[in-house]
Every structure is written in structure tokens, then in C-alpha cells.
Student: 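Pasting a structure here, questions to come.
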Amino acid sequence: MVRSNQTSTVTEFFFSVFPKFEDGNLLYFIPLFIIYIFIIIGNLIVFFAVRMDTHLHNPMYNFISIFSFLEIWYTTATIPKMLSNLVGKKRTISIIGCLLQMYFFHSLGNSEGVLLTTMAIDRYVAICNPLRYPTIMTPRLCTQLSIGSCIFGFLVLLPEIAWISTLPFCGPNQIHQIFCDFEPVLRLACTDTSVILIEDVIHAIAIIFSVLIISLSYIRIITVILRIPSAEGRQKAFSTCASHLGVFLMFYGSVSLMYLRFSATFPPILDTIIALMFAVLAPFFNPIIYSLRNKDMKIAIKKLLCLQKVFYASAS
């Protein structure tokens, strides 16, 4: 389908999926607001618990703390605007604001995806090559991998966003999604919409490649763990991987539903639910998984909370 290449007259987009202001929006606003606050506080606790406990100063927990830090900004890229749309009457976003939201949301998401892949490789080396682990995963390499994940995530998306910013938008301007995303925005461009298929292929290759690396790593890890003679040793090895595996399944499960469907179309309500899983629910459960499924993390969080109580007691 080719639309006429008119001069761009659209200056802002309208989110059509949000209910009208009069339709009991507080019923949606309050739970989303509570979830957002929990995500911020939960990930901050995980981040500072790792940073302040010297027993957790190793590659695995360093990656977890970086992931939690990214989660804070990942959700901040979309949820505050969702909350604003729920209580506001305009429910609009400028084209520049939409491009920035897409850029930061997906750049942070890409960084998290690369970091999850790095964490899988780290667990693979730790369990499959334990004697060589200290010499392979040095603090310097750990820092390089963490920084590299973030740099890659933010650089790889620049050409795509720059290209989208050159497209003409001349109406309609209704985005059928709860945040600015590639496919809903590209459908509004006054140009050949077949470029959407190219975007889908690029995203699919990146997702499948990451899932393949992580899956192969965990297949090998599970194979090695099952060969451990003692039940206690197997349980300890599984516990170090359970949290990461849970986060991986939630993150890439929702990502796959969102971006590995190509031309398949879902009902609007299902589309919104998948987007909420991807942008809200997965980040909501991540701090819970990391804190409840890990004994060392629970100890570190208790120390952090006790330290805060002592600090406030002395201040008062």
C-alpha cells in the first residue's frame, strides 16, 4: 500500500486505546501507579543491596544490579505517560516525544536483552568451567560487558529511529497501542507500509539469536547439573540459575508475543494485554524473582533495610 507523499501535517499522535476520562479511569490509574512505584522501589532495593554488600561483589550479582537499574528507566520510558493518559483529557504525544519514547524504551530493552544473554554465558562458564571461571570472568571483563551491553543497546537503534524521523506523517494520527511502538507508528506514515515487514524481520532475527544463545547455554548447564552426584550440589547449582532463568522466560516470552507475529493481527484487547505484559508485568515480577528465589539476595536486602532503620533512628 502506498500513500500519497504529502507534506507532513501531523504534529502529534493520539492514543486511541485509553478509555475516556469519565469512564472510571481511576480504576486503571491506581493499580498501574502502585505497580510503577513497586517496580522503582523494588529495583532500587536490589541495586543498592548488591552494591552495599561486599559478599555480592561478583559478576553474577553485578549483572543483576545493572539489570535492575535498567528496569527502572525501562518502565519510566512508558508508564508515566500511560498514567498521564489515564487521568488527562488529551491523551496525545508529540511526534518528537513519540520518537524519544520509542528510542529509550527499545534501547533499554535491547540493553536488557544483551545483558540477559551475557548473564546466561556467565552462568555457563561458572557451572561448566568452574576452575577457569575466576580467570575468565575478571572484574575488568565484567565491567566491559556491562558497559558494552548498554552502549550496544543505545547505538543499534539510532539508525532506525533516525530513519523513522524522516518519514512523512499526514494523517490519521491515532496510535492503537498504549505506548509508541514501531508497528503502530509506521502504519501512520504516508509512505509504503511494506517497510513494516522489514522491521519485523530485523527484530525477529535479534530476538531469535538471543533466545538461541541463552537456550543453548541453559541446555548445557542443565546437562552438567544433572551429572552432579550429590542432591545438595544439584540444588545449589539450580538455585544460582533459577532466578535468571525465570526472568529470561518472562522477558523473552512477552517480547516474542509482541514482536514474533509478523502479519498476524490480534484483537485490540489482546494486543493491549500483551503490551502490558511486555512493558509492565514482566518488570513488576523481576525484583520479586531476584529477591525471593535467592538466599544471598534476601540476606543482603535485610541488611540494607536494617541499615536504613539505624540511619533514620540516629537522624531522629
Side-chain angles (χ1 to χ4, degrees), residues 1-20 28 74-75 77-82 84-86 88-110 113 153 156-208 252-280 282:
M1 174 182 176
V2 179
R3 299 176 187 171
S4 58
N5 192 10
Q6 307 173 37
T7 303
S8 175
T9 56
V10 171
T11 59
E12 61 183 13
F13 295 125
F14 174 78
F15 292 100
S16 62
V17 298
F18 289 93
K20 292 181 180 180
Y28 303 99
Y74 173 76
T75 51
T78 56
I79 295 181
K81 184 59 180 175
M82 292 182 204
S84 173
N85 288 333
L86 284 170
K89 294 187 177 181
K90 289 187 66 177
R91 303 190 297 280
T92 59
I93 188 171
S94 66
I95 290 181
I96 293 177
C98 187
L99 291 172
L100 287 174
Q101 186 181 69
M102 278 197 299
Y103 175 68
F104 284 107
F105 179 72
H106 285 284
S107 293
L108 289 160
N110 285 340
V156 73
L157 211 65
L158 275 177
E160 196 171 357
I161 294 296
W163 168 69
I164 294 174
S165 68
T166 65
L167 298 177
F169 294 95
C170 48
N173 69 335
Q174 292 189 356
I175 295 179
H176 301 289
Q177 190 50 277
I178 57 176
F179 58 87
C180 287
D181 206 359
F182 291 115
E183 193 267 349
V185 171
L186 286 173
R187 288 194 179 279
L188 302 180
C190 303
T191 185
D192 187 354
T193 56
S194 63
V195 295
I196 296 174
L197 179 60
I198 300 173
E199 292 290 310
D200 286 342
V201 171
I202 293 172
H203 296 156
I205 291 173
I207 293 168
I208 292 171
Y252 277 104
S254 56
V255 166
S256 298
L257 285 172
M258 193 78 176
Y259 298 110
L260 292 184
R261 56 188 181 184
F262 295 99
S263 59
T265 56
F266 295 150
I269 184 65
L270 182 58
D271 223 14
T272 302
I273 291 172
I274 293 172
L276 285 171
M277 287 174 56
F278 175 50
V280 179

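Computed from heavy atoms alone, side chains included, the values below leave out hydrogens, waters and symmetry copies.
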Student: Using every non-hydrogen atom in the two residues, find where Asn173 and Glu12 come nearest and quote the distance to one decimal.
Tutor: ND2-O, 3.2 Å

Student: Partners of Ser94 by side chain to side chain contact (heavy atoms under 4.5 Å, CB included), sequence neighbours excluded?
Tutor: Ile96

Student: State, with a plain yes or no, whether a side-chain heavy atom of His176 is found less than 4.5 Å away from one of Arg187.
Tutor: no

Student: If the condition is side chain to side chain contact (heavy atoms under 4.5 Å, CB included), which residues does Ile93 pass it with, not counting sequence neighbours?
Tutor: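 Checked Ile93 against side chain to side chain contact (heavy atoms under 4.5 Å, CB included); matches are Phe13, Phe15, Lys81, Cys98, Gln101, Cys180.
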
Student: Please report the closest heavy-atom contact between Met102 and Leu157, naming both atoms and the distance.
Tutor: O-CD2, 4.0 Å

Student: Can you tell me how far CD1 of Ile178 sits from OH of Tyr28, rounded to the nearest 0.5 angstrom?
Tutor: 12.5 Å

Student: Search all heavy atoms of Ser254 against all heavy atoms of Ile274 and return the closest pair with its distance.
Tutor: O-CG2, 4.4 Å

Student: Kindly write out the residues that satisfy ring-ring contact (aromatic ring centres under 6.0 Å, His included) with Phe278, not counting sequence neighbours, or none if the list is empty.
Tutor: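 ring-ring contact (aromatic ring centres under 6.0 Å, His included) list for Phe278, sorted by chain: Phe105, Tyr259.
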
Student: For Ser165, enumerate each residue passing the side chain to side chain contact (heavy atoms under 4.5 Å, CB included) test, keeping only those at least two apart in sequence or located in another chain.
Tutor: Leu99

Student: Could you tell me whether the side chain of Tyr74 reaches within less than 4.5 Å of the side chain of Ile79, counting heavy atoms only?
Tutor: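 No. Closest side-chain heavy atoms not under 4.5 Å.
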
Student: List the steps and the verdict of side-chain contact (heavy atoms from CB on, under 4.5 Å) for Phe182 and Ile161.
Tutor: CA-CA 9 Å; Phe182 291 115; Ile161 294 296; 4.0 Å; yes

Student: Using the side chain to side chain contact (heavy atoms under 4.5 Å, CB included) criterion, which residues pair with Ile269? Sequence neighbours excluded.
Tutor: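 For Ile269, the residues satisfying side chain to side chain contact (heavy atoms under 4.5 Å, CB included) (neighbours in sequence not counted) are Pro267, Ile273.
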
Student: Would the distance check show the side chain of Ser84 and the main-chain N or O of Pro80 forming a donor-acceptor pair, the cut-off being under 3.5 Å?
Tutor: no

Student: Would you compute the distance between atom CD of Glu183 and atom CE of Met258 and round it to the nearest 0.5 angstrom?
Tutor: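 Answer rounded to 0.5 Å: 8.5 Å.
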
Student: Going from CZ on Arg91 to CG on Leu86, what distance comes out if it is rounded to the nearest 0.5 angstrom?
Tutor: 9.0 Å

Student: Which atoms form the tightest heavy-atom contact between Pro159 and Val156, and what is the distance?
Tutor: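 Taking every non-hydrogen atom into account, CD-O, 3.6 Å.
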
Student: What residue pairs, at least two apart or across chains, pass salt bridge (charged side-chain N to carboxylate O under 4.0 Å, His left out) with a residue in residues 163-181?
Tutor: none

Student: Any idea which heavy atoms bring Val185 and Phe169 closest together, and the distance?
Tutor: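 Smallest heavy-atom distance, with atoms named: O-CE2, 3.4 Å.
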
